[in-house]
Protein chains: 2
Amino acid sequence: MNLTVAEENYIKSIYKLQDGDQVVSTNAIAYDLATKPASVTDMAKKLKEKKLIDYEKYQGISLTTEGRKLALQIVRRHRLWECFLVDKLSFSWDEVHEIAEELEHVRSEKLISRLSAFLGNPTTDPHGDPIPDAQGRISKSQPLISLDKATARRLEVAGVSDQSSALLEFLNAKGIRLGTQLDLIERYEFDNSVEVKIRNQPAFTLSEQVSKNIMVKSL
Amino acid sequence: MNLTVAEENYIKSIYKLQDGDQVVSTNAIAYDLATKPASVTDMAKKLKEKKLIDYEKYQGISLTTEGRKLALQIVRRHRLWECFLVDKLSFSWDEVHEIAEELEHVRSEKLISRLSAFLGNPTTDPHGDPIPDAQGRISKSQPLISLDKATARRLEVAGVSDQSSALLEFLNAKGIRLGTQLDLIERYEFDNSVEVKIRNQPAFTLSEQVSKNIMVKSL
DNA sequence: AATATAATTTAGGCAAATCTAAATAAATTA
DNA sequence: TAATTTATTTAGATTTGCCTAAATTATATT
């Protein structure tokens, strides 16, 4: 199945937005891809024709098995390139998304399998998201919880759920990255902010908005 | 200046074909890009509008200073990716072109400068072609080699070491002269003959005696 | 120089991916 | 339930990059 860059972006967006849900709305996809609902409807017809999505007028969109398989390949390529950029080219995790967004569309089985091997067949990307293997299997890790719901005192940052560069830059400035160990000092009920501390550094406060997007596991 | 992938491919092709010559023909570009002359004319108008080429109807095409600068950037990206594929991912030289053809269109200054550093700022690619630096400077012109030792696929005849009229007549009959572009199709080990092809003509074979006396440079 | 051949351009069209504006369906609210 | 708002789809255009066929210009041959 040979897809255009635009088709790949739609498949990836639908995969991301579906995430367990039954169907995704035209509007949601349009917003995610910064395009117009009318364009989504057009593309939906094309992708249905190619049997990559299930779609009936006004009934929402969902990936077929075939579509999901392709989505996982695209996600795999994206996350492997992010690893490359961070591990080999010393990019920080907040810089890599846009570049990986382009690199992911270079389609070559051999390139991706060799890149994966070169990187040591990583299973998570720099944001902590799992990398599907060549067969599209995702290694299931223990469920992470967001920092705003964490109760344990010693935590390790395992991912961020919002990849906006604004958030990533903020976290970078605070010294929070993947694998950073945090001490949960206090949770303030009135605004749901949390005070945390990185070893050897003064404590600081994170708003609920931020802590909701930091995924952690207890140590 | 932001170019589409198609525009970048035209600029690169013109750069490659021009190579010292005054202008490049519509047909030559069409052949190189596996497209039709009419399409080249269309694109020529667009690129002239953007001031990347000089073009007057029926008078051939040449890059402007600005166009050449962009061409060198694209060539730089292409050749750096080829280095990456061969040096880091263990591809062989004949596999890398198509993949690099795609990777070269990922535009990010930072990506390319870091990739270059990661590779040790190489000055030639796996085919021996020079890699322009970030400012578009090329280290040195390639030394000429005789056709019987050439490895690159696309060659240009740059001279003959034996000036005997017998040889020159022979070459003339074959359509080989200074500046003729050759595709190296195959080298036959048993007698060291080479099969070559001139644009739009059937391939033919040259004996080692002949090929030893034809000096070429890779394109 | 006249004619034939080759190269190039024009004209008109097509497909992909997008858009705006208008129409229609679904969901919400009064 | 009826009215209103929101979501979605359709219709019709636009842009990019490409095509074929026909016309035009340049080049080569006699």
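By convention in this document, chain letters (A, B, ...) are assigned in the order of the sequence lines, proteins followed by strands, and residues within each chain are numbered from 1.
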Note to self: From CG of B:Asn27 over to C1' of D:dA26, roughly how many Å is that when rounded to an integer?
What the structure shows: 12 Å
Margin query: If the cut-off is 4.0 Å, is B:Lys36 near the phosphate of D:dT20, judged by side-chain N/O to OP1 or OP2?
Written below: yes
Note to self: Whether B:Thr35 contacts D:dC19 is assessed here as follows: a side-chain N or O lying under 4.0 Å from the phosphate OP1 or OP2. Is that the case?
What the structure shows: yes
Notebook entry, point to check: For residues B:Glu208 and B:Ser211, is any side-chain donor paired with an opposing acceptor at under 3.5 Å?
Noted result: no
Check: Would a distance-only check, ignoring hydrogens and angles, find a side-chain to backbone donor-acceptor pair under 3.5 Å from B:Lys217 to B:Glu156?
Finding: no
Checklist line | Rounded interatomic separation in angstrom, taking CG from A:Asp42 and C1' from D:dA7 | finding: 16 Å
Margin query: Tell me whether B:Thr41 contacts the main-chain N or O of B:Pro37 through its side chain, where contact means a donor paired with an acceptor under 3.5 Å.
Written below: yes
Notebook entry, point to check: For C:dA30, which nucleotide is its Watson-Crick or G-U wobble mate, given both distances must be under 3.5 Å?
Noted result: D:dT1
Next item on the list: Check whether any side-chain nitrogen or oxygen of B:Lys46 sits under 4.0 Å from OP1 or OP2 of D:dT15, and answer yes or no.
Entry: no
Next item on the list: Measure the distance from NZ on B:Lys45 to C1' on D:dG17 and round it to the nearest whole Å.
Entry: 14 Å
Checklist line | Within residues 2-13 of chain A: residues closer than 4.0 Å to DNA chain C (heavy atoms) | finding: A:Thr4, A:Ala6, A:Tyr10
Item checked: Gap between atoms CD and P, on A:Gln59 and D:dA7 respectively (whole Å) -> 16 Å
Item checked: Distance-only polar pair, side chains of B:Thr64 and B:Asp54, donor-acceptor under 3.5 Å -> no
Margin query: I need the minimum non-hydrogen distance between B:Tyr31 and B:Lys197, along with the two atoms involved.
Written below: OH-NZ, 3.9 Å
Checklist line | Whole angstrom value for the distance that separates C1' of D:dT16 from CE of B:Met43 | finding: 8 Å
Checklist line | Rounded interatomic separation in angstrom, taking CD1 from A:Ile61 and P from D:dA7 | finding: 15 Å
Next item on the list: Mark yes or no for whether B:Gln73, through its side chain, and B:Arg77, through its backbone, hold a donor-acceptor pair below 3.5 Å.
Entry: no
Notebook entry, point to check: What pairs with B:Ser25 under side chain to side chain donor-acceptor pair (under 3.5 Å), at least two apart in sequence or on another chain?
Noted result: none
Checklist line | Donor-acceptor pair between B:Asn9 and B:His105 side chains, under 3.5 angstrom | finding: yes
Notebook entry, point to check: How would you give the extent of chain B contacts on DNA chain C, as first and last nucleotide 5' to 3' within a 4.0 Å heavy-atom cut-off?
Noted result: C:dA7 to C:dT10
Next item on the list: Scan B:Thr26 against the nucleic acid and name what it touches under 4.0 Å (heavy atoms): base, sugar-phosphate only, or nothing.
Entry: sugar-phosphate
Next item on the list: For the pair B:Asp19 (side chain) and B:Tyr15 (backbone), establish whether a donor and an acceptor sit closer than 3.5 Å, ignoring hydrogens and angles.
Entry: no
